[in-house]
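First up is the structure itself, then whatever we jot down about it.
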Amino acid sequence: MQKSRKDFYFFNTLTRKKERFVPIEEGKVGMYTCGPTVYDYGHIGNFRAFLFDDLLRRWLEYNGYKVTQVMNITNVDDKTIKAAKKLGAPLKDITRKYIDAFFEHLRMLNVEKAEHYPRATDHIPEMIALIRVLMDKGYGYRSEDGSIYFNVSKFRDYGELSKIRIGELKAGARVKVDEYAKEEASDFVLWKAWDKDDGDVYWDTEIGRGRPGWHIECSAMSMKYLGQTFDIHCGGVDNMFPHHENEIAQSEAATGKKFVNYWMHNEHLLVEGRKMSKRLGNYYTVQDLISKECNPRAIRYVLIATHYRQQVNFTFDGLNAAKNAVDRLKNFLDRLDTVQGTDAGTELERLMETVKEKFENAMGDDLNISVALAAIFDFVREVNNLIDRNIVTAEEGKTVTALMMSFDKVLGVIGETHAALKLPEEAQQLIRMREEARKKKEWKRADEIRQQLKEMGIIVEDTPQGLRLKQKSIN
Ligand SMILES: [Zn+2]
């Protein structure tokens, strides 16, 4: 018998409704995320989107789904070419630098790896094949300069995602830039014929010399790795129009099939209550925060702790509070490692059942993270009370730890740090020797061992509840 899965719900931008999640193939999920455009370091607003994707992915995995996630890397478009030109460097050198930084920041923020990170420049043939189909079917046309455009008036459902009405179209209006005004639909570019601004960035192909438009990159790469119809497409709300709308138009016009079943969009990030901008001096990249020695787990926490469909207001006070929240969870786990009390029994079991149910119900309701976190912190407080009363056994401590770690499979804020606290044999032996020394009241010896452990990065504290260990954070 297949283990039955609990139902859960996502808000689908396409229908503007919460819908029960049903994948195309039982037990599997295909998901696509518009990845970074690598012309600069990603700012924290970009990373909010990538952390939302990560939370979503982890939640699907928590529920036993095998996830195939694809995140593209846009390494050729208007922005990257402009950046390379400004610096007088080859496009590849610029993009390589920011691709490396991007992966380093994902690692620091404990983001699980996607299965595929396709680069746009490695998929030019797939894009050309798609453009050719669109031309054959009458959706694509060539302009005077040799560029190829998508005719939006030919695609019946244009505007369905963003709810932009095609009636507002200016007939024949065309845009050659990758990003354009949100108010009106226009024919958008699939293939840009080479002009001198592109310098040495072009491909000589059967549809002419030039380069792809940004939108076609995502259609070609998502369908290559996930099929013509796949489960989930996510991204920031700012990409809904024109980018995602155009992805739908290109893909569905070419295949005649529905492109994506669930569209999920995260809201913007504000900094100190205002829109982030370099001009206002409130623009931060992850790199900036790391340079200020902000704790990466706290950055992660602050970026996931607000529901993804609400604007998150990033502040340094908030970051501090996030650091405290993460520390509370870590300290709780440390404490559980050393409990030696009597049996709490059903009282603890009841608390564990309640928190699990609350966590799963909240996350199952369109990833309601704030309610899920509140349930966890209530649980931590209540179990701490039991530990204060010295009625949690070592065995019970382990069960609670396992439950916390299962939540952290979704949250990703403590896991590895705590797992790293599985001490090397040498350290364990030193701790035992130190305990022996203390029993014999050999205080000097005990202090020497404490110092030895400290040199290994392990901090020993004696508390009324017993021994507590902290590992110096490596991040
Ligand atoms: Zn995209």
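Ligands are counted one by one from 1 in listed order, and the atoms in each one are counted from 1 as well.
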Item checked: Residues that Glu19 engages under side-chain hydrogen bond (donor to acceptor under 3.5 Å, both in side chains), provided they are two or more places apart -> Asn12, Thr15
Checklist line | Pairs touching residues 314-333 that satisfy ring-ring contact (aromatic ring centres under 6.0 Å, His included), sequence neighbours left out | finding: Tyr284-Phe316, Phe314-Phe316
Review item, side-chain donor-acceptor pairs of residues 301-309, under 3.5 Å, at least two apart:
from, atom 1, to, atom 2, distance (Å)
His307, ND1, Arg309, N, 3.2
His307, NE2, Asp366, O, 2.7
Tyr308, OH, Asp366, OD1, 2.4
Tyr308, OH, Asp366, OD2, 3.3
Arg309, NE, Asp366, OD2, 2.9
Arg309, NH2, Asp366, OD2, 2.8

Margin query: Can you confirm whether Lys224 is buried at NZ, in the sense that more than 12 heavy atoms of other residues, nucleotides or ligands lie under 6.0 Å from that atom?
Written below: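 Correct, the count exceeds 12.
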Note to self: On the six-membered ring of Tyr9, is Lys18 placed so that its NZ or CZ lies under 6.0 angstrom from the centre and within 45° of the ring axis?
What the structure shows: no
Next item on the list: Using a strict 4.0 Å threshold on nitrogen-to-oxygen distance, state whether Glu360 and Lys6 make a salt bridge.
Entry: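 Between Lys6 and Glu360 there is a salt bridge, with a charged N closer than 4.0 Å to a carboxylate O.
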Check: Which residues and atoms, counting only protein N, O or S, are under 2.8 Å from the Zn ion (ligand 1)?
Finding: Cys34 SG, Cys218 SG, His243 NE2, Glu247 OE2
